[in-house]
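The structure appears right after this line, and notes come after that.
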Protein chains: 2
Amino acid sequence: MRSPTELAQVFRSKQLKLTPQRQLLFSLLHENASHPTAEALFEVASKQMPGISLRTVYQTLGELAEMGELQLIDFGVGATRFDPNMGDHHHFVCDSCGAIRDVDITSAPRLRSGSGDGFAVEDVNVVFNGLCSRCNQPNKRSPGHQAKHKKK
Amino acid sequence: MRSPTELAQVFRSKQLKLTPQRQLLFSLLHENASHPTAEALFEVASKQMPGISLRTVYQTLGELAEMGELQLIDFGVGATRFDPNMGDHHHFVCDSCGAIRDVDITSAPRLRSGSGDGFAVEDVNVVFNGLCSRCNQPNKRSPGHQAKHKKK
DNA sequence: TTGTTAATTCGCATTACTTGCAAATTAGAA
DNA sequence: TTCTAATTTGCAAGTAATGCGAATTAACAA
Ligand SMILES: [Mn+2]
Ligand SMILES: [Mn+2]
Ligand SMILES: [Zn+2]
Ligand SMILES: [Zn+2]
């Protein structure tokens, strides 16, 4: 995802308004490697801007995704994750604590189009499931040090 | 997934009842490569057994998955798919018509555990998105020859 | 500044999918 | 045939996300 300043340019150039809500979300997403859910972003945003609507968070995230500024990732459990890292990478998901880490494409075999089966492959998504280093310690396994679902 | 007959053995040996509903679902799932949703199975099952409950379909599918007889696959769009093919394979999803095809692991680079990053990788899921051979024909593209969502 | 207006936000209803629960039913054993 | 624990069923409820209309507001012009 581009920087908040660059995004501001883009938005202006498309007669999209630079609302405080959008600016806040730009800054919260910038360089954010936590792969947050909409809800998670909403929680954080609400602290800086009480009254911001969850609907607006969804709205803005959807717009940014449509603009190619961030990707939506569905790991099949819980809510969709949002990732401002548009580089070619995959993901590791800890099944115990829910932590998500980037897996650089260079550390994984490169999967490309042309299966030769008539498919036109346009996207490849690789998800590694397992236990993160923290949860893999047999003794002090901590299945709750990251929230997997909504608590409330 | 094992054959209906073998499953019958397993169920008996665990004091699980061999109900007509279960037997029907066993047969509908056996050798089924369509990666159906619970709803889709329910539709088909209802023809042979009017009155069968969608709840029972979900219930039985969940049991079989827990027993390791089939896998649940969530492609991030629409409902969960069920796959009796427990072999090591991945999936191709047509973004136009929703068709799902198996991708044999031998035709894709083998991804294995031991990322060296402290992760204990226990499962790898690769999803190829794109256009199937049918939808890839520029002229007669048919975005609806397979149901992607519930119609009704 | 003030006014104008199209874009945006907000809140609520609604949808899609799935699970919880309890009453009614039934497979399998005795 | 009788008994009972397992199962099925229908419905309520939950989660995640979206549709929609009324209220608000950023951006631009006067
Ligand atoms: Mn990422
Ligand atoms: Mn498959
Ligand atoms: Zn972990
Ligand atoms: Zn297709």
Side-chain angles (χ1 to χ4, degrees), chain A residues 7-26 35-43 45-46 48-67 70 72-82 98 147-152, chain B residues 7-26 35-43 45-46 48-67 70 72-82 98 147-152:
Chain A
L7 282 181
Q9 307 298 316
V10 178
F11 270 63
R12 266 195 272 269
S13 76
K14 298 188 181 186
Q15 64 237 54
L16 297 173
K17 292 182 180 175
L18 219 56
T19 63
Q21 290 89 339
R22 280 173 173 165
Q23 293 180 81
L24 172 57
L25 289 169
F26 292 171
H35 305 86
T37 61
E39 274 278 344
L41 276 170
F42 171 67
E43 302 289 341
S46 294
Q48 292 190 51
M49 185 184 287
I52 190 175
S53 159
L54 175 60
R55 190 68 189 78
T56 299
V57 176
Y58 271 109
Q59 178 79 21
T60 303
L61 290 172
E63 286 163 358
L64 288 172
E66 230 175 294
M67 295 168 67
L70 52 77
L72 281 59
I73 315 176
D74 190 316
F75 291 111
V77 63
T80 301
R81 304 303 189 117
F82 296 87
K148 199 179 288 184
H149 301 297
K150 210 165 69 168
K151 328 97 245 214
K152 221 228 72 184
Chain B
L7 282 181
Q9 307 299 316
V10 178
F11 269 63
R12 266 195 274 270
S13 75
K14 297 188 181 186
Q15 64 237 56
L16 297 173
K17 291 183 180 176
L18 219 55
T19 64
Q21 290 89 340
R22 279 174 174 166
Q23 293 180 81
L24 172 56
L25 289 170
F26 292 172
H35 303 88
T37 62
E39 275 277 346
L41 276 170
F42 171 68
E43 303 289 342
S46 294
Q48 293 189 50
M49 186 184 286
I52 190 175
S53 159
L54 174 61
R55 190 67 189 80
T56 299
V57 176
Y58 271 110
Q59 177 79 19
T60 303
L61 290 171
E63 287 164 356
L64 288 172
E66 229 174 296
M67 296 168 65
L70 52 77
L72 280 60
I73 315 175
D74 190 316
F75 291 111
V77 63
T80 301
R81 304 302 189 120
F82 296 86
K148 198 179 289 184
H149 302 298
K150 212 166 68 167
K151 319 106 242 219
K152 218 229 76 183

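Reminder, nothing fancy here: chain letters follow the sequence lines and each chain counts from 1. As the structure is a computational prediction, the values presented were derived from the model and not from experiment.
- For the pair A:Leu24 CG and D:dA26 P, the computed distance is 14 Å after rounding to whole Å.
- Nucleic acid contact class of A:Gly51 (heavy atoms, under 4.0 Å, all strands): sugar-phosphate only.
- The distance between atom CZ of B:Phe42 and atom P of C:dT19, rounded to the nearest whole Å, is 16 Å.
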Show me, pair by pair, the donor-acceptor contacts under 3.5 angstrom made by side chains of residues 8-19 of chain B, not counting sequence neighbours?
{"from": "B:Ser13", "atom 1": "OG", "to": "B:Val10", "atom 2": "O", "distance (Å)": "2.7"}
{"from": "B:Thr19", "atom 1": "OG1", "to": "B:Arg22", "atom 2": "N", "distance (Å)": "3.1"}

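- Considering only residues two or more places apart in sequence or on other chains, B:Phe75 meets the ring pair (Phe, Tyr, Trp, His ring centres under 6.0 Å) condition with B:His91.
- Distance check, rounded to the nearest 0.5 Å: OG1 of A:Thr56 to CZ of A:Phe42 gives 9.0 Å.
- Phosphate proximity of C:dT18 to B:Thr80: present, with a side-chain N or O under 4.0 Å from OP1 or OP2.
- The CG atom of B:Leu25 sits 8.0 Å away from atom CG of B:Leu64, with the distance rounded to the nearest 0.5 Å.
- In this structure, A:Thr37 does not reach the D:dA16 phosphate: none of its side-chain N or O atoms is under 4.0 Å from OP1 or OP2.
- B:Lys14 places its NZ atom 16 Å from the P atom of C:dG28, with the value rounded to the nearest Å.
- If you take CZ of B:Phe11 and C1' of D:dT7, they are 11 Å apart, rounded to a whole angstrom.
- Where B:Arg12 and A:Gln21 meet DNA chain C, the nucleotide closest to each residue was compared, and A:Gln21 sits on the side nearer the 5' end.
- Within the 4.0 Å cut-off from OP1 or OP2 of D:dA17, at least one side-chain nitrogen or oxygen of A:Tyr58 is found.
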Measure all distances between protein nitrogen or oxygen atoms and nitrogen or oxygen atoms of nucleotides 22-25 of chain C, and list the pairs falling under 3.5 Å.
none

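- Between A:Leu54 atom CG and A:Glu43 atom CD the span is 9.0 Å, to the nearest 0.5 Å.
- Summary of the strand contacts: B:Leu72 and B:Leu18 both lie near DNA chain C, and taking for each the nucleotide with the nearest heavy atom, the more 5' one is attributed to B:Leu72.
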So if I define the base as every atom that isn't primed, P, OP1 or OP2, how would nucleotides 20-25 of chain D read as a B/S/- string at a heavy-atom cutoff under 4.0 Å? B----B
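- Looking at heavy-atom distances under 4.0 Å, A:Leu54 makes no contact with the nucleic acid at all.
- The nucleotide whose nearest atom lies closest to any side-chain atom of B:Ile52 is, among C:dG11, C:dT8, D:dT9, D:dT9.
- The side chain of B:Ala79 approaches C:dT18 more closely than any other nucleotide in the set C:dT18, C:dT8, D:dA17.
- Remark: B:Gln59 engages B:Arg55, B:Glu63 in a side chain to side chain contact (heavy atoms under 4.5 Å, CB included) (not counting sequence neighbours).
- Put simply, CZ on B:Arg81 is 10 Å from P on C:dC17, counting in whole angstrom units.
- Scanning all heavy atoms of the two residues, the minimum distance from B:Leu70 to B:Leu61 falls at CD1-O, 3.8 Å.
- Note on A:Thr56: a side-chain N or O is less than 4.0 Å away from OP1 or OP2 of C:dC10.
- With sequence neighbours excluded, no residue forms a ring pair (Phe, Tyr, Trp, His ring centres under 6.0 Å) with B:Phe82.
- For the atom pair NE2 of B:His35 and CD1 of B:Ile73, the computed distance is 5.0 Å after rounding to the nearest 0.5 Å.
- For A:Ser46 against A:Ile52, the heavy-atom pair with the smallest separation is OG-CG2, 3.8 Å.
- The CG-C1' distance, from B:Leu25 to D:dT8, rounds to 12 Å in whole Å.
- One interatomic measurement links the two molecules: CG of A:Leu61 to P of C:dT8, which rounds to 15 Å at whole-angstrom precision.
- C:dC10 atom C1' lies 13 Å from atom CE of A:Met49, rounded to whole Å.
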